[in-house]
Amino acid sequence: MKLTRCLTALTAAVALSATFAASAREYSVSTVLSDAFPWGQAAQKWADLVEERSNGEITLRVYPNAQLVAGDQTKEFSAMRSGLIDMAVGSTINWSPQVPELNLFSLPFLMADSADLDAITQGNAGEQAFAAIEKRGIVPLAWGENGFREISNSVKLVKTPADLKGLKIRVVGSPLFQDTFTALGANPTQMSWADAKPALTTGAVDGQENPLSVFDVARVDQVGQKYLTLWHYMADPLIFAVNQRVWKELPEADRELLRQAAIDAGKWEIELSRNSEAKRLEDIRARGVEVTELSEAEQQAFADATRSVQDKWTSKIGAELVEAARTAVAK
Ligand code: X2X
């Protein structure tokens with residue numbers, strides 16, 4: 001009697017764990033920045049919402065620091081397309097080598113502020129950008145935000161394009177940045193984020209550009225970046241996305257769950273990022289960084305100096321997409 005009851009319980013337990021194993025699924029999610037940054041927090045929020053809403057059936061495991069592509073963030077999109085990575089929350093900058101349309105967001109001085117950025121992502125231009133990603137075998141689900149990128153250096157206060165002359169600036173691995181900083185008379189050098197901090201520390205480069213959140217959390221001032229200019233020259237949105245095969249194999253209800261969780265996580269992270277900017281700037285100043293704000297005329301001088309980049313890259317991005325973005329921004 002006792003043994004029978006024991007066996008029954010055991011059988012039930014085995015059956016239950018088999019059911020669980022069959023239904024519990026885990027997917028990898030790649031990010032460049034960890035959850036010390038809003039970017040990593042966006043991915044973790046997505047994972048938390050999915051865990052909660054699927055009652056633990058779907059697990060998204062976040063792998064930060066571009067570790068799934070050995071630190072080479074410009075390979076993330078290809079790795080996701082080939083199935084090496086299931087999902088990612090990635091920057092438009094890092095995916096633009098494979099999706100040229102995403103260079104739109106890197107066009108210098110196209111967007112003045114968050115309202116302009118929203119007008120692009122939430123309208124026709126945003127739809128075109130998503131269609132471009134889809135066309136290349138990845139399913140985009142939602143927008144997040146890395147932020148408006150500001151320029152810092154260890155040498156001097158930068159207020160005009162002439163001040164940038166000859167400065168060695170670390171830029172991300174997308175050719176457009178090479179053009180922008182060359183047009184400004186600087187000396188750009190492309191490298192991954194993993195290589196950037198050592199290069200700043202040794203003085204191999206004089207400067208870098210990143211959103212305030214990255215400057216603040218990574219303590220970029222502690223590697224000698226004493227001068228920071230708020231020129232808001234571009235912003236890189238984040239995109240939540242899934243490998244197409246993984247997507248196709250998911251039941252419709254799970255797809256909806258993943259999409260809605262990505263939308264909610266993106267909104268949450270965008271708000272968090274924007275709301276913490278003022279405090280970050282205050283902290284950065286308090287740590288002794290000399291922050292330069294530009295007048296409209298001073299900012300215009302930088303825009304004028306990079307006009308050639310807009311012209312050269314419009315055809316690579318697609319004239320229709322650039323036009324849609326300009327129209328959205330003008331409204
Ligand atoms: O490499 C950078 O500068 C970073 C972290 O901002 C991106 O991945 C675009």
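Order of listing sets the numbers, starting from 1, for every ligand and every atom in it. Since this is a predicted model, take the numbers as computed values, not measurements. The figures that follow rest on heavy atoms only: side chains count, while hydrogens, waters and symmetry mates do not.
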**Student:** I need the single residue from Arg280, Arg285, Lys279 that forms a salt bridge (Lys or Arg N to Asp or Glu O under 4.0 Å) with Asp283. Which is it?
**Tutor:**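 Going through the options one by one, the only one that passes is Lys279.
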**Student:** Note down each nitrogen or oxygen pair, ligand 1 side and protein side, whose separation is under 3.5 Å; give only atom names and the distance to 0.1 Å.
**Tutor:**
unit_1: ligand 1; atom_1: 1 (O); unit_2: Gln73; atom_2: NE2; d: 2.8
unit_1: ligand 1; atom_1: 1 (O); unit_2: Arg170; atom_2: NH2; d: 2.9
unit_1: ligand 1; atom_1: 3 (O); unit_2: Arg149; atom_2: NH2; d: 2.9
unit_1: ligand 1; atom_1: 3 (O); unit_2: Arg170; atom_2: NH1; d: 2.8
unit_1: ligand 1; atom_1: 3 (O); unit_2: Asn210; atom_2: OD1; d: 3.2
unit_1: ligand 1; atom_1: 3 (O); unit_2: Asn210; atom_2: ND2; d: 3.0
unit_1: ligand 1; atom_1: 6 (O); unit_2: Asn146; atom_2: ND2; d: 3.2
unit_1: ligand 1; atom_1: 6 (O); unit_2: Arg149; atom_2: NH1; d: 3.1
unit_1: ligand 1; atom_1: 6 (O); unit_2: Arg149; atom_2: NH2; d: 3.4
unit_1: ligand 1; atom_1: 6 (O); unit_2: Asn210; atom_2: OD1; d: 2.6
unit_1: ligand 1; atom_1: 8 (O); unit_2: Gln73; atom_2: NE2; d: 3.2
unit_1: ligand 1; atom_1: 8 (O); unit_2: Asn94; atom_2: ND2; d: 2.9

**Student:** With Phe130, which residues qualify under ring pair (Phe, Tyr, Trp, His ring centres under 6.0 Å), at least two apart?
**Tutor:**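 So Phe130 forms a ring pair (Phe, Tyr, Trp, His ring centres under 6.0 Å) with Trp143.
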**Student:** Side-chain donor-acceptor contacts of residues 318-331 below 3.5 Å, not counting sequence neighbours, with atom names and distances?
**Tutor:**
unit_1: Arg326; atom_1: NH1; unit_2: Gln310; atom_2: OE1; d: 3.2
unit_1: Arg326; atom_1: NH2; unit_2: Gln310; atom_2: OE1; d: 3.1
unit_1: Thr327; atom_1: OG1; unit_2: Glu323; atom_2: O; d: 2.8

**Student:** Side chains of Glu76 and Trp95 only: does a donor on one sit below 3.5 Å from an acceptor on the other?
**Tutor:**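 There is such a pair between these side chains.
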**Student:** Would you list the pairs meeting ring-ring contact (aromatic ring centres under 6.0 Å, His included) in which at least one residue belongs to residues 27-70, sequence neighbours left out?
**Tutor:**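 Residue pairs with at least one partner in residues 27-70: Trp46-Phe240.
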**Student:** Does NZ belonging to Lys197 count more than 12 external heavy atoms closer than 6.0 Å?
**Tutor:**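 It does: Lys197 NZ has more than 12 such atoms within range.
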